[in-house]
Amino acid sequence: QVQLVESGGGLVRPGGSLRLSCEASGRTFSQLAVAWFRRGPGKEREFVAGLKKGMGTTYAADGVRGRFTVSRVSGKSTAYLQMNSLEPEDTAVYYCAATSGSPIVSSLSRVSTWEFWGQGVQVTVSS
């Protein structure tokens, strides 16, 4: 069993940056694929970005590509979501998710793909 704990959320002004962290117990992120999802007010949980294990190829949703970057520390149990040029529409609870499997690209955005979930961290973008 893998436990995930997110941190780094908070209040930021539009145009600002935040970096979220995800700590995994029991595994390193070299052994796990990792993703970030978010749930905005009144919205469904949606895929934000993902990173496959092994080569660590990254993917990002259309609305955040070029602004958000997912990464991991090689051999460690920490993954990050760097968020730049934040917009009020990015306000949401952000969740870290992981799986020991090797999901195909088309399945990265599915909630059911991911075995393990963190408790979520609030990000609020407001002036």
Side-chain angles (χ1 to χ4, degrees):
Q1 187 73 7
V2 176
Q3 292 186 328
L4 304 175
V5 179
E6 304 97 334
S7 62
L11 173 65
V12 62
R13 294 181 182 276
S17 298
L18 275 178
R19 188 177 76 165
L20 303 182
S21 299
C22 177
E23 296 285 341
S25 64
R27 304 272 183 92
T28 69
F29 278 113
S30 301
Q31 302 166 301
L32 299 167
V34 62
W36 289 90
F37 284 72
R38 67 185 181 187
R39 177 178 284 162
K43 298 181 180 179
E44 298 290 322
R45 190 174 301 198
E46 65 175 356
F47 173 80
V48 174
L51 188 153
K52 299 184 76 174
K53 66 181 180 182
M55 293 295 290
T57 307
T58 61
Y59 304 85
D62 289 344
V64 305
R65 191 173 297 128
R67 299 189 298 124
F68 291 13
T69 304
V70 58
S71 64
R72 67 184 181 200
V73 180
S74 181
K76 301 293 185 181
S77 304
T78 308
Y80 300 102
L81 181 67
Q82 178 67 45
M83 305 185 293
N84 299 326
S85 301
L86 283 160
E87 304 167 353
E89 293 73 23
D90 296 316
T91 294
V93 176
Y94 283 73
Y95 299 89
C96 177
T99 179
S100 56
S102 298
I104 59 175
V105 174
S106 60
S107 70
L108 292 176
S109 61
R110 297 179 200 154
V111 170
S112 60
T113 294
W114 304 93
E115 298 174 77
F116 311 111
W117 290 85
Q119 80 288 349
V121 62
Q122 177 69 46
V123 172
T124 302
V125 184
S126 175
S127 55

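In this structure, the side chain of Arg65 engages the main chain of Ala60 through a donor-acceptor pair within 3.5 Å. Not a single donor-acceptor pair under 3.5 Å links the side chain of Glu6 to the backbone N or O of Leu20. A donor-acceptor pair under 3.5 Å is absent between the side-chain atoms of Thr57 and the main chain of Lys52, judged by distance alone. With Ser107 contributing its side chain and Thr113 its backbone, the two residues share no donor-acceptor pair below 3.5 Å. The main-chain N or O of Gln3 is found under 3.5 Å from a side-chain atom of Ser25 such that the two form a donor-acceptor pair.
Residues Val111 and Tyr59 share a single hydrophobic cluster, defined by chaining ILVMFWY side chains whose heavy atoms lie under 4.5 Å apart. By the rule that hydrophobic residues join a cluster once side-chain heavy atoms approach within less than 4.5 Å of another member, Val105 and Leu51 end up as members of separate clusters. No chain of hydrophobic side-chain contacts below 4.5 Å, direct or via other Ile, Leu, Val, Met, Phe, Trp or Tyr residues, connects Val64 to Phe47. Taken together through direct or relayed side-chain contacts under 4.5 Å among Ile, Leu, Val, Met, Phe, Trp and Tyr, Val70 and Leu86 form part of one hydrophobic cluster. If you chain together hydrophobic residues whose side chains sit under 4.5 Å apart, Leu4 and Val93 never meet in one group.
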side-chain contact (heavy atoms from CB on, under 4.5 Å) assessment of Met83 paired with Asp90: CA-CA 9 Å; Met83 305 185 293; Asp90 296 316; over 6 Å; no
Criterion side-chain contact (heavy atoms from CB on, under 4.5 Å) on Leu11 and Ser126, from CA distance to verdict: CA-CA 7 Å; Leu11 173 65; Ser126 175; 4.2 Å; yes
Derivation and outcome, side-chain contact (heavy atoms from CB on, under 4.5 Å), residues Ser71 and Gln82: CA-CA 8 Å; Ser71 64; Gln82 178 67 45; over 6 Å; no
Derivation of the side-chain contact (heavy atoms from CB on, under 4.5 Å) call for Phe29 and Val73: CA-CA 8 Å; Phe29 278 113; Val73 180; over 6 Å; no
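In plain terms, the two heavy atoms of Ala49 and Leu81 that are nearest each other are CB-CD1, 4.2 Å. Nearest heavy-atom pair, Ser30 versus Gly75, reported as atom, atom and distance to 0.1 Å: OG-N, 3.1 Å. Across Pro103 and Ala33, no two heavy atoms sit closer than the pair CD-CB, 4.0 Å. Closest of all the heavy-atom pairs between Leu32 and Ala24 is CD1-CB, 4.5 Å. Across all their heavy atoms, Phe37 and Leu108 have their closest contact at CZ-O, 3.6 Å. In this structure, Ala92 and Gln122 approach most closely via the heavy-atom pair O-NE2, 3.5 Å.
In this structure, Arg19 satisfies the cation-pi test against Tyr80, with its NZ or CZ atom closer than 6.0 Å to the six-membered ring centre and inside 45 degrees of the ring normal.
Ring geometry for Tyr95 versus Trp117: interplanar angle over 60°, hence perpendicular rather than tilted (30 to 60°).
Under the 4.5 Å side-chain criterion, counting only non-hydrogen atoms from C-beta, Gln31 is not in contact with Lys53.
Atom CD of Glu87 is surrounded by more than 12 heavy atoms from other residues, nucleotides or ligands within 6.0 Å.
Checking Glu23 against Ser77 by side-chain atom types alone, no donor-acceptor pair falls below 3.5 Å.
The line from CZ of Arg38 to CD of Glu89 is 9.0 Å long, rounded to the nearest 0.5 Å.
Shown here are the salt bridge (charged side-chain N to carboxylate O under 4.0 Å, His left out) partners of Arg110, two or more places apart in sequence or in another chain: there are none.
Sorted by first and then second residue, the disulfide bond (SG atoms under 2.5 Å apart) pairs with a member in residues 31-76 form an empty list; sequence neighbours excluded.
Checked against Cys96 for a side chain to side chain contact (heavy atoms under 4.5 Å, CB included), the options Trp114, Phe116, Trp36 give a single hit: Trp36.
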